[in-house]
Amino acid sequence: MTTVLYLIACAAGPARHIDQGVQQARAAGWDVCVVLSPSAARWWAERRAELEELTGRPVRSAYKLPGERDALPRASAMLVAPLTTTSACKWAAGITDTLAIGLPAEGVHLGVPVVAMPFWSTALGAQPAVGRAVETLREQGVRVVFAPGEPHAPKQGDAHAFAWSTGLAALRA
């Protein structure tokens, strides 16, 4: 049986390196489908074909039209990485206006294992709504894991060294 991972990236620095996450997930045996938030999709606009070649699947960043066939197979698991404070707060509040948040928001309640890996600064994470959002997501069954060094000091996050392996390991735990 194929294990399909939806690797979902919100618009934080590591999204520019999602190809590294794809490669690590594939090495771990996952069939990877990439879903990008609208802003992250803009960052990959000129190189989107690279991700599609790497995964062998279309990269999704918007909801399909009514009646349109799904372009991706059903997910066995989802890794939302990186997760931003904005997306965490919207997701916890039930605001699913982007595919990148709508898929895991629905998936966790359909029994799909969902792991979220935040990448944000201590300044943004200090907002009271952010801590409440993390707790709300955990109460819903989302496994929120912080990689070593996260949250990071403002302007000090190392997007290139993002620990994709931490999220992948959490999916197997």
Side-chain angles (χ1 to χ4, degrees), residues 5-25 28 30 32-45 51 59-63 75 77-110 112-173:
L5 174 66
Y6 282 13
L7 181 53
I8 302 168
C10 301
R16 293 176 300 169
H17 308 287
I18 196 169
D19 51 332
Q20 294 173 5
V22 170
Q23 291 166 344
Q24 289 180 33
W30 291 101
V32 183
C33 300
V34 172
V35 177
L36 302 172
S37 71
S39 292
R42 284 198 329 262
W43 298 353
W44 275 92
L51 288 177
V59 172
R60 298 273 315 275
S61 59
Y63 284 108
M78 298 181 191
L79 173 57
V80 183
L83 176 66
T84 62
T85 56
T86 299
S87 291
C89 291
K90 286 171 54 174
W91 181 2
I95 301 169
T96 58
D97 60 340
T98 68
L99 183 65
I101 295 305
L103 287 172
E106 181 178 48
V108 72
H109 297 291
L110 293 173
V112 176
V114 177
V115 171
M117 280 186 59
F119 184 86
W120 56 59
S121 74
T122 51
L124 289 172
Q127 297 295 325
V130 174
R132 288 192 297 269
V134 168
E135 287 310 309
T136 298
L137 293 176
R138 286 179 171 151
E139 289 168 4
Q140 293 178 48
V142 176
R143 190 140 186 235
V144 180
V145 295
F146 286 85
E150 288 303 317
H152 55 269
K155 309 286 184 203
Q156 301 300 311
D158 189 351
H160 186 70
F162 189 66
W164 301 99
S165 59
T166 299
L168 294 168
L171 285 168
R172 298 286 189 198

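Between Trp120 and Val130, some side-chain heavy-atom pair lies under the 4.5 Å cut-off. When side chains are defined from C-beta on, Ile95 does not count as touching Ile101, because their heavy atoms never get closer than 4.5 Å. By the 4.5 Å heavy-atom criterion applied to side chains, Leu168 and Leu5 are counted as neighbours. Side-chain atoms of Gln127 and Thr85, non-hydrogen and from C-beta on, never get closer than 4.5 Å to each other. Taking 4.5 Å as the limit, every side-chain heavy atom of Val80 sits out of range of all side-chain heavy atoms of Val142.
Between Thr122 and Pro154, the closest heavy-atom pair is OG1-CD, 3.5 Å. The minimum heavy-atom distance linking Thr166 with Pro148 is given by the pair OG1-CD, 3.9 Å. The two residues Ala92 and Gln140 make their nearest non-hydrogen contact at O-NE2, 4.3 Å. Of all the heavy atoms in Ala25 and Val32, the pair that sits closest is CB-CG2, 3.5 Å. Annotation for Val145 and Ala170: closest pair CG1-CB, 4.0 Å, computed over non-hydrogen atoms. Here the closest heavy-atom approach between residue Ile8 and residue Pro104 is recorded as CD1-CD, 3.8 Å.
Side chain of Arg143 to main chain of Pro113: no donor-acceptor pair is present (N/O by atom type, distance under 3.5 Å, no hydrogens or angles). With hydrogens and angles ignored, the 3.5 Å screen pairs a side-chain donor or acceptor of Tyr63 with a backbone N or O of Thr98. Judged by distance alone, with hydrogens and angles left aside, the side-chain atoms of Arg172 form no donor-acceptor pair with the main-chain N or O of Ala169 at under 3.5 Å.
Distance CZ/Phe162 to CZ/Arg16: 12.5 Å, rounded to 0.5 Å. Rounding to the nearest 0.5 Å places CZ of Arg42 at 8.5 Å from OG of Ser37. Here the CH2-CG distance, from Trp164 to Leu79, works out to 7.5 Å after rounding to the nearest 0.5 Å. Atom CE of Met78 and atom CG of Leu103 lie 5.5 Å apart (nearest 0.5 Å). Note that OG1 of Thr84 and CG of Leu124 are 9.0 Å apart. Values are rounded to the nearest 0.5 Å. In this structure, Leu171 CG and Trp30 CH2 are separated by 5.0 Å, a value rounded to the nearest 0.5 Å.
Within the structure, the salt bridge (charged side-chain N to carboxylate O under 4.0 Å, His left out) test picks out the following pairs touching residues 77-106 (sequence neighbours left out): Lys90-Asp97.
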Exercise for the section: Run the numbers on Glu135 and Arg132 for salt bridge (charged side-chain N to carboxylate O under 4.0 Å, His left out), then give the verdict. Expected result: CA-CA 5 Å; Glu135 287 310 309; Arg132 288 192 297 269; over 6 Å; no

Exercise for the section: Let me see the working for Val59 and Trp44 under side chain to side chain contact (heavy atoms under 4.5 Å, CB included), right down to the final yes or no. Expected result: CA-CA 10 Å; Val59 172; Trp44 275 92; over 6 Å; no

